Amino acid sequence: MSRTTTGIATAAAVLAVGASLVTPAAAHSDGEERGANSGGSERISTSGSCDSGSSWTLSGRSRFLRIDVEGRVDSERQSKRSRWVLRLEQNQTTVAVRSRKSSGGGGLKVKARVGNLPGPDTFTLIALNRTTGETCQGTLTF
């Protein structure tokens with residue numbers, strides 16, 4: 001066997017051994033589930049009651065470097081066709097506002113997609129029924 005052939009065979013053997021050492025480490029799972037939820041976290045939410053019986057829900061999900069957050073108010077039937085103003089804040093800065101009349105069926109929503117700032121992000125939903133004066137407020141922290 002020539003010196004060149006021996007050198008190539010040695011290099012191939014080193015690469016094969018190196019590849020077999022790397023493969024188990026790459027295949028090792030760190031316990032996190034990947035796949036359909038890749039790049040994000042599970043949805044978290046909180047809910048409560050408003051001061052006159054309506055209910056609110058604030059939920060969010062971090063995805064990559066963004067947070068999708070949604071506030072919802074389900075109003076009581078007695079406040080049908082009343083005007084609501086819903087506001088979402090991120091760390092005391094308004095990120096979304098929505099004003100509309102309730103139809104009595106379903107709820108009113110306000111949504112925002114914002115940057116995931118360094119440190120904890122605190123979201124606040126503030127809702128005001130301009131017809132009846134009812135207010136709702138809730139917070140969610142990422």
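Here the structure is a predicted model, which means the values were calculated and not measured. Numbers for residues simply follow the sequence, beginning at 1.
- E134 places a side-chain N or O within 3.5 Å of a backbone atom of S54 that can act as its donor or acceptor partner.
- Of all the heavy atoms in L108 and K101, the pair that sits closest is CD2-O, 4.0 Å.
- Cluster annotation: I126 is not connected to V73 through the hydrophobic network of ILVMFWY side chains, with a link wherever side-chain heavy atoms come within less than 4.5 Å.
- Note on residues 109-120: pairs passing side-chain hydrogen bond (donor to acceptor under 3.5 Å, both in side chains), not counting sequence neighbours, are D68-R113.
- Across every non-hydrogen atom of S62 and F142, the tightest pair is N-CE2, 3.8 Å.
- With rounding to the nearest 0.5 angstrom, the CG atom of L86 is 7.5 Å from the SG atom of C136.
- Side-chain N or O atoms of D51 include one that pairs as donor or acceptor with a backbone N or O of T135 at under 3.5 Å.
- In the hydrophobic clustering of ILVMFWY residues, with side-chain heavy atoms under 4.5 Å counting as a link, L128 and W56 come out apart.
- Here the straight-line distance linking atom OG of S55 with atom CG of D74 works out to 4.5 Å at 0.5 Å rounding.
- By the side chain to side chain contact (heavy atoms under 4.5 Å, CB included) test, A112 pairs with V69, L88, V95, A96, V114, sequence neighbours left out.
- The two atoms that bring P120 and N91 nearest to each other are O-OD1, 3.9 Å, heavy atoms only.
- Among all heavy-atom pairs drawn from R83 and T131, the shortest one is N-OG1, 3.0 Å.
- Using a cutoff of 4.0 Å between basic side-chain nitrogens and carboxylate oxygens, E89 and R87 are scored as salt-bridged.
- Residue V85 is not grouped with residue L58 when hydrophobic side chains (ILVMFWY) are merged at heavy-atom distances under 4.5 angstrom, including chains of intermediate members.
- Evaluation of the side chain to side chain donor-acceptor pair (under 3.5 Å) rule for S45 yields no partner, not counting sequence neighbours.
- A distance of 7.5 Å separates CD in Q92 from OG1 in T124, rounded to the nearest 0.5 Å.
- Minimum interatomic distance between S82 and N129 (heavy atoms only, all atoms of both residues): OG-ND2, 3.0 Å.
- The only option from R72, R43, E70 that meets the side-chain hydrogen bond (donor to acceptor under 3.5 Å, both in side chains) definition with S59 turns out to be R43.
- When the side chains of ILVMFWY residues are joined at heavy-atom separations under 4.5 Å, either directly or via intervening members, I67 and I44 end up in a single hydrophobic cluster.
- Separating the OG1 atom in T141 from the CZ atom in F123 is a distance of 9.0 Å, to the nearest 0.5 Å.
- When all heavy atoms of L140 and G60 are compared, the closest pair comes out as CD2-N, 3.7 Å.
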